[in-house]
Protein chains: 2
Amino acid sequence: MANIHDIAKASGYSVSTVSRVINHRKYVTDQVRQRVEQVMRDLDYVPNAVARDLSTGKTHNIGVVLPHSQHPYFTQITNGVMEAAFAAGYRVVLLPSKYDERVERHYLEQLRQRAFDAVIFTSRGVPLSELARDDAHKKMGRIVCCENPGDLPLSAAFTERNSTYETAFEWIKKRGYKRIGMLLSREYALSATSQAMIEAYKDVFHELPRPELVRTSVVNNQDGYDSAQYYIDNDLQPDFIFGNGDDIVANARQCYLDHGLVVPGLMGQEHQLSSTLLHIPTIDHHFNEVGRRAFELAVSDHVAQRPVASTFIDVDE
Amino acid sequence: MANIHDIAKASGYSVSTVSRVINHRKYVTDQVRQRVEQVMRDLDYVPNAVARDLSTGKTHNIGVVLPHSQHPYFTQITNGVMEAAFAAGYRVVLLPSKYDERVERHYLEQLRQRAFDAVIFTSRGVPLSELARDDAHKKMGRIVCCENPGDLPLSAAFTERNSTYETAFEWIKKRGYKRIGMLLSREYALSATSQAMIEAYKDVFHELPRPELVRTSVVNNQDGYDSAQYYIDNDLQPDFIFGNGDDIVANARQCYLDHGLVVPGLMGQEHQLSSTLLHIPTIDHHFNEVGRRAFELAVSDHVAQRPVASTFIDVDE
DNA sequence: TTGTAAGCGTTATCAG
DNA sequence: CTGATAACGCTTACAA
């Protein structure tokens, strides 16, 4: 494979001139440019991307850490990042983590090695303080997380859920529901989302949700079905189910239908197709937008926070 | 940021020795290794990944070209590639294309520039012959496609659908269905999948499918619902619907239910949760496995084909 | 076991 | 407008 020196030699010009031609710089006569381009074509030359990256100190790669790849939360954020990255001439590198902290630290290490210009944590196992600390050192590229980092000096793009959750619970309360089943992804202690949901519940109902009606580790559609099965088997009879995804709620509903039971009131999240089809209210967290914002922060020089307001979507009466 | 020379200087050893320590090579005294590692820690040194890539001529990056990111076909293949890549110490770079041939060629160009070690086309707009030609040149990394390339010298991992489709249509025929609605992603001319479905239909029924019952451009759940709506609005009354995805078929079913009409026989694809819940037969194309195989080919020196048998999944009677 | 020096292929600085 | 030459940071023959 020909390199820039071969082109210089064959064209009779210097490597600097060839480099200028490659990068469409000014200060090259049209004559010279034509000639050099001709030689590049003749020798079937293409510049080496890695050498450029080394020389410029940029890779144009953005790593996206993904605990898993099924939940719409992750796919939507990833899509948002990808769209913004594509538009800006950057690439997205997938970094599966399964919440394994050693793997996450491995990616931080790769960031320090300049394998990427930045890393976006869609979620994480390592403490936020650790991410903030490493970023502060500035020996590595930028780190962006997708949750509210509070006072930590850490870039973040995330949905502002609290007020929307309150709106949602007001909606539920107004309609007289009392026994609210809640389907959560992760435990209260581990998840900012779960915390936000439960805090909003407390603010609206002035009490804690009934522990027996709160299901955690509800991640996929089957879990949604199983949650309903659990309510039925244990005769818990929630009169309303607020789930962490439209499809999950839809599958819970299916369970009631399969048993010939009356379906409780329902509310989903994510604004998937099923909420529209079933005419149930939902919450759109605009994760796509979160992804776009996360990318902007990833390529920005400043540490900043970008909250994205989520939207409560009522049913058409 | 310290580099390998700084470490050499500070430790009193040469860069080659430092390099040996970094790469855990033999032929370094434990004493020396200890000392060098101490200095690396002291100076907070990490080797530069890009410099290594340039020196070794490998990036450990595998590009995956994705026309779009919603359909389970693409997400499953991508997941398969990602799992295999992770296990082998490679990274997956997302390359969105929207079937735009200029964008696809841009990625081929980046491959030639050695931005990736290989590129996997989950689907493509450019002719296969073009991919085969470029790969043959060997001036670039490997190219892998995810469909049967026939006689072309091109690496490929793909599902062997034909015999499974025949099994599926035999199943349908045996149960006496006559008016078969088919939901396809892309037109016959453009899609190997659509062709395989229709060929299998011909082989089993000894006639072409009724054109008015064949719907194309059915990609998402809403399209599934709309297809049923189309059948209803035009009074076409298929007695069976064979769709290109379980969820899509489930949404078609929902349309019939919403209209209070009797639901035709149903068969899905992809083996998603909905087929299990609705007790309808489906086909598992094992796209995850296709992704894994595609990765293996991407890092292999040889051009090879890896067909993956798809599976017809009957309902539990 | 350790060191020297030549790559790897660009970009960037500074003269001319 | 063009050209030397020094980075960029590491790997790897080849010597010693």
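Order of the sequence lines sets the chain letters (A, B, ...), proteins ahead of strands, with each chain counted from 1. Keep in mind that this is a model prediction, so the values were computed, not measured.
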Report yes or no: do [X] and [Y] form a side-chain donor-acceptor pair below 3.5 Å?
{"X": "B/Asn48", "Y": "A/Arg114", "value": "no"}
{"X": "A/Glu83", "Y": "A/Asn79", "value": "no"}
{"X": "B/Arg41", "Y": "B/Gln38", "value": "yes"}

### Carboxylate-amine/guanidinium contact A/Arg293 A/Glu289, below 4.0 Å
yes
### Task
State whether A/Glu130 and A/Arg105 are salt-bridged, where the test is any N-O pair (Lys NZ or Arg NE/NH1/NH2 against Asp/Glu carboxylate O) under 4.0 Å.
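A/Arg105 and A/Glu130: salt-bridged.
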At less than 4.0 Å, is any side-chain N or O atom of [X] found next to OP1 or OP2 of [N]? Yes or no.
{"X": "B/Thr17", "N": "C/dT2", "value": "no"}
{"X": "B/Tyr27", "N": "C/dG3", "value": "no"}
{"X": "B/Ser14", "N": "C/dT4", "value": "no"}
{"X": "B/Thr29", "N": "C/dT2", "value": "yes"}
{"X": "B/Ser19", "N": "D/dT11", "value": "yes"}
{"X": "B/Asn23", "N": "D/dT11", "value": "yes"}

### Query
Among D/dT12, C/dT2, C/dT10, which is the nearest nucleotide to the side chain of A/Asn48?
C/dT10
### Message
Let's see if you can work this out: which of D/dC14, D/dG9, D/dT11 has an atom nearest to the side-chain heavy atoms of B/Arg20?
### Response
D/dC14
[atom1] of [X] versus [atom2] of [N]: gap in Å, rounded?
{"X": "B/Tyr13", "N": "C/dT4", "atom1": "OH", "atom2": "P", "result": "13 Å"}
{"X": "A/Met40", "N": "C/dG9", "atom1": "CE", "atom2": "P", "result": "16 Å"}
{"X": "B/Arg52", "N": "D/dC8", "atom1": "CZ", "atom2": "P", "result": "19 Å"}
{"X": "A/Asp30", "N": "D/dT2", "atom1": "CG", "atom2": "C1'", "result": "15 Å"}
{"X": "B/Tyr45", "N": "D/dC8", "atom1": "OH", "atom2": "P", "result": "14 Å"}
{"X": "B/Arg33", "N": "C/dT1", "atom1": "CZ", "atom2": "P", "result": "10 Å"}
{"X": "A/Arg35", "N": "D/dC1", "atom1": "CZ", "atom2": "C1'", "result": "18 Å"}
{"X": "A/Gln113", "N": "D/dT11", "atom1": "CD", "atom2": "C1'", "result": "15 Å"}

Presence of donor-acceptor pair under 3.5 Å, side chain of [X] and base of [N]:
{"X": "B/Ser16", "N": "C/dT4", "answer": "yes"}
{"X": "B/Ser55", "N": "C/dG7", "answer": "yes"}
{"X": "B/Arg114", "N": "C/dG9", "answer": "no"}

### Task
By nearest nucleotide on DNA chain C, pick out whichever of B/Ala51 and B/Lys26 is the more 5' one.
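It is B/Lys26 whose nearest nucleotide is closer to the 5' end.
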Mind checking [X] for me? I need base, sugar-phosphate or nothing, with any heavy atom below 4.0 Å counting as a touch.
{"X": "B/Val28", "result": "sugar-phosphate"}
{"X": "A/Asp53", "result": "nothing"}
{"X": "B/Val36", "result": "nothing"}
{"X": "A/Val50", "result": "nothing"}
{"X": "A/Arg25", "result": "sugar-phosphate"}

### Query
Got B/Gln305 and B/Pro149 here, is their nearest side-chain heavy-atom distance under 4.5 Å?
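In short, these two side chains touch, coming nearer than 4.5 Å.
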### Message
Any side-chain to backbone donor/acceptor pair from A/Asp117 onto A/His60? Under 3.5 Å, distance only.
### Response
yes
### Query
Sub-3.5 Å donor-acceptor pair from the side chain of B/Tyr73 to the main-chain atoms of B/Thr122, do we have one?
yes
### Task
First locate atom CZ of A/Arg142, then atom CG of A/Leu154, and finally report the distance between them rounded to the nearest 0.5 Å.
12.5 Å
### Task
Could you grab the distance from atom CE of A/Met82 to atom OG1 of A/Thr75, nearest 0.5 Å is fine?
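It is 10.5 Å, given to the nearest 0.5 Å.
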### Message
So if I take residues 3-11 of chain A and measure heavy-atom distances to DNA chain D, which residues fall below 4.0 Å?
### Response
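The stretch gives none, as no residue of it lies under 4.0 Å from the strand.
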#### Entry: Divergence of helical axes at both termini of the helix from C/dT1-D/dA16 to C/dG16-D/dC1 - five pairs an end, 10° steps
40°
### Query
Between B/Tyr99 and B/Arg186, is there a cation-pi geometry (under 6.0 Å to ring centre, at most 45° from the normal)?
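Pair B/Arg186/B/Tyr99 counts as cation-pi.
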